[in-house]
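Each ligand, and each atom within it, is numbered from 1 in the order the structure gives.
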Amino acid sequence: MGSSVSEGGRSSSYPLLKGQKALVTGANSGIGRATAIGLGRMGADVVVNYVSGGEAAQDVVRQIEDLRVRSYAHEADVSQEDQVVEMVSRMVDELGTIDILVANAGLQRDAAAIDMTTSQWQKVLDVNLTGQFLCAREAAKEFLRRGVVPEVSKSAGKIICMSSVHQMIPWAGHVNYAASKGGVMMMMETLAQELAPHKIRVNAVAPGAIRTPINRSAWDSPESEAGLLRFIPYNRVGDPEDIATAVAALASDLFDYVVGATLYVDGGMTLFPGFATGG
Ligand code: BGC
């Protein structure tokens, strides 16, 4: 079975992730959805995690099964330790192991700092940061137990943390979200340092403005899209597939020597575009 790197790209046929088992959290919509399908296209079996929106998750599963790899949906709140433990242990039971974790589930609860409630603050930190940690911890245990299987991959496992340009760009009105992603950066780098001697690769993808439900108001009218494009030198809003291909590449052995890196996939948003004409 062949797989192409991207749907629209040239159909070079090399199933980079053939035989690997991937878990994608928050995979029923947006970036997670595209990533789950993208990994399936590259030959991986994929567990589609979701916390609500079971119908949408089943739809993703069907699309992945059409690629002639295995898939199932698993409902779990990544911020709840027992649910994460159960999710990874079911995956080991059903698919045999886990090779790739994409810790993607994340949300926004925006408010000006002085109006932000403790529950808005806590919810975002719980899902975006603690949730990624719990999933990474459980995946790493299985990677360590199993070790390297050379026919499958050069490494014992790959963790891809979904970060954001806001791990480095401060974001007024979103202090909880920016703090969570800044935390993801240091969590990812520390895990990478700790786990690399065990042949586990931990990296992050940091998307810029991608056309998904999380930021719909930023692109769903011509005026708002024009406003957004002022921050994007490459002059287009990203598509979820832009992120999916980056994740698949990072997870593959083509990137075997990439450890503890953040791959910004942002059309240049982190290039301080305001300085293009001044400074
Ligand atoms: C946020 C989006 C935002 C983008 C660029 C992402 O991490 O989730 O809402 O449009 O960063 O600012």
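When atom types are taken as modelled, the side chain of N215 and the backbone of A209 share no donor-acceptor pair closer than 3.5 angstrom. Although no hydrogens or angles enter the test, the distance criterion places a donor-acceptor pair under 3.5 Å between the side chain of S71 and the main chain of V46. Looking only at distances, a side-chain donor or acceptor of Q132 sits under 3.5 Å from a matching main-chain atom of A103. In terms of modelled atom types and a separation under 3.5 Å, the side chain of N203 and the main chain of A261 share a donor-acceptor contact.
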TODO: Evaluate the salt bridge (Lys or Arg N to Asp or Glu O under 4.0 Å) criterion for residues R62 and E65: first the C-alpha distance (whole Å), next the side-chain angles of each, then the deciding distance (0.1 Å), finally the verdict.
DONE: CA-CA 5 Å; R62 277 190 293 274; E65 285 174 338; over 6 Å; no
Task: Verdict with reasoning, H174 to D110, per side chain to side chain donor-acceptor pair (under 3.5 Å) - done: CA-CA 5 Å; H174 310 262; D110 307 328; 2.9 Å; yes
N/O contact list for ligand 1, threshold under 3.5 Å:
residue  : atom   : partner : partner atom : Å
ligand 1 : 7 (O)  : S164    : OG           : 2.6
ligand 1 : 7 (O)  : Y177    : OH           : 2.6
ligand 1 : 8 (O)  : Q108    : OE1          : 2.7
ligand 1 : 8 (O)  : Y177    : OH           : 2.9
ligand 1 : 9 (O)  : Q108    : OE1          : 2.6
ligand 1 : 10 (O) : N215    : ND2          : 3.2
ligand 1 : 11 (O) : H166    : NE2          : 3.4
ligand 1 : 12 (O) : H166    : NE2          : 2.7

